Amino acid sequence: MKENTIFDEIYQVVRLVPAGRVTTYGAIAAYLGKKSGARLVGWAMNACHADASIPAHRVVNSTGLLSGKHFFGGDTMERLLAAEGVMVKNDKVVDFKKHLWIPAEELL
DNA sequence: AGCGTGACGTGTA
DNA sequence: GTACACGCCACGC
């Protein structure tokens, strides 16, 4: 490891996300020190296909919308979330704020 | 070395 | 409340 790349940094944080919780691209970016690096997180997630150990399905946008569910292959993302206790309605996380997990706050 | 793109976020109209 | 535009960092060509 010790790639020291933004990708790995993001991967580590995403892997720290507990089951039944979801985080946002902005939260991860903020934790890494990137204020508006949300796009970078999305980019890293795109490469997450190389790491099946990364629960990218727990990462949603600030509106709680499963932006990447389309990339997972249909209902895979919402199904994984539902299996962990996170209900998804209309591609959006139910009680999103309640399930929201922010590294900068929880890992504080 | 420069331009375009991207699973986003925030602000303004 | 919805729609549009700009900004951010990193990667691909």
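What's counted below: heavy atoms across the whole structure, side chains too, no hydrogens, waters or symmetry copies. Note that this is a predicted model, so its numbers are computed, not measured. The chains referred to below are lettered A, B, ... by the order of the sequence lines, with proteins before strands, and numbering in each begins at 1.
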query = Nearest-Å distance, CD1 (A:Ile10) to C1' (C:dA10)?
reply = 9 Å
inquiry  = Rounding to an integer number of Å, can you tell me how far A:Met45 CE sits from C:dA10 P?
reply    = 16 Å
key: Set of residues satisfying side-chain hydrogen bond (donor to acceptor under 3.5 Å, both in side chains) with respect to A:Lys34, sequence neighbours excluded   = none
message = For A:Arg39 and A:Phe7, find the nucleotide of DNA chain C closest to each by heavy atoms; which residue's nucleotide sits nearer the 5' end?
response = A:Arg39
task = Please state how far atom CD1 in A:Ile28 lies from atom C1' in C:dA10, giving the value in whole angstrom units.
result = 16 Å
message = Main chain of A:Gly20, side chain of A:His99: is a donor-acceptor contact present, judged purely on distance under 3.5 Å?
response = yes
key: d(CZ, A:Phe71; C1', B:dA7) in whole Å   = 5 Å
message = Please check: side-chain N/O of A:Arg15 versus main-chain N/O of A:Ser53, any donor-acceptor pairing under 3.5 Å?
response = no
inquiry  = Taking only side-chain N and O atoms of A:Ser36, does any of them lie within less than 4.0 angstrom of OP1 or OP2 on B:dC8?
reply    = no
request  = Starting at atom NZ of A:Lys34, determine the distance to atom P of B:dC8, rounded to an integer number of angstrom.
outcome  = 18 Å
ask   = Hey, which of these two, A:Thr24 or A:Leu40, hits DNA chain B nearer its 5' end, going by closest nucleotide?
value = A:Leu40
inquiry  = Just to be sure I understand the rule, does A:Ala56 reach a base, reach only the sugar-phosphate, or reach nothing, if contact means heavy atoms closer than 4.0 Å?
reply    = base
note = Taking every heavy atom of A:Tyr25 against every heavy atom of A:Met45, the minimum-distance pair comes out as CE2-CG, 4.1 Å
note = Closest to the side chain of A:Asn46, out of B:dC8, C:dA10, B:dA7, is B:dA7
ask   = Whole-Å distance between B:dA7 C1' and A:Tyr11 OH?
value = 12 Å
request  = Can you see which heavy atom on A:Ala56 is nearest to which on A:Val14, and at what distance?
outcome  = N-CG1, 4.3 Å
request  = Check every atom of B:dC8, B:dG6, B:dG9 against the side chain of A:Trp43 and return the nucleotide holding the closest atom.
outcome  = B:dG6
inquiry  = To check you understand the geometry: which heavy-atom pair defines the closest contact between A:Val59 and A:Thr24, and what is its length?
reply    = CG1-C, 4.4 Å
request  = Rounded off to whole Å, could you give me the OH-to-C1' distance for the A:Tyr25 and C:dC8 pair?
outcome  = 16 Å
inquiry  = How many whole angstroms separate atom CD1 of A:Ile6 from atom P of C:dG12?
reply    = 15 Å
task = With heavy atoms under 4.0 Å as the rule, sort A:Gly26 into base, sugar-phosphate or nothing.
result = sugar-phosphate
inquiry  = Show me the dot-bracket string of DNA chain C, counting Watson-Crick or G-U pairs under 3.5 Å, with | for pairs to another strand and [ ] for crossing ones.
reply    = .||||||.|||||
query = Would you find a donor on one side and an acceptor on the other, under 3.5 Å apart, between the side chain of A:Tyr11 and the backbone of A:Ala44?
reply = yes
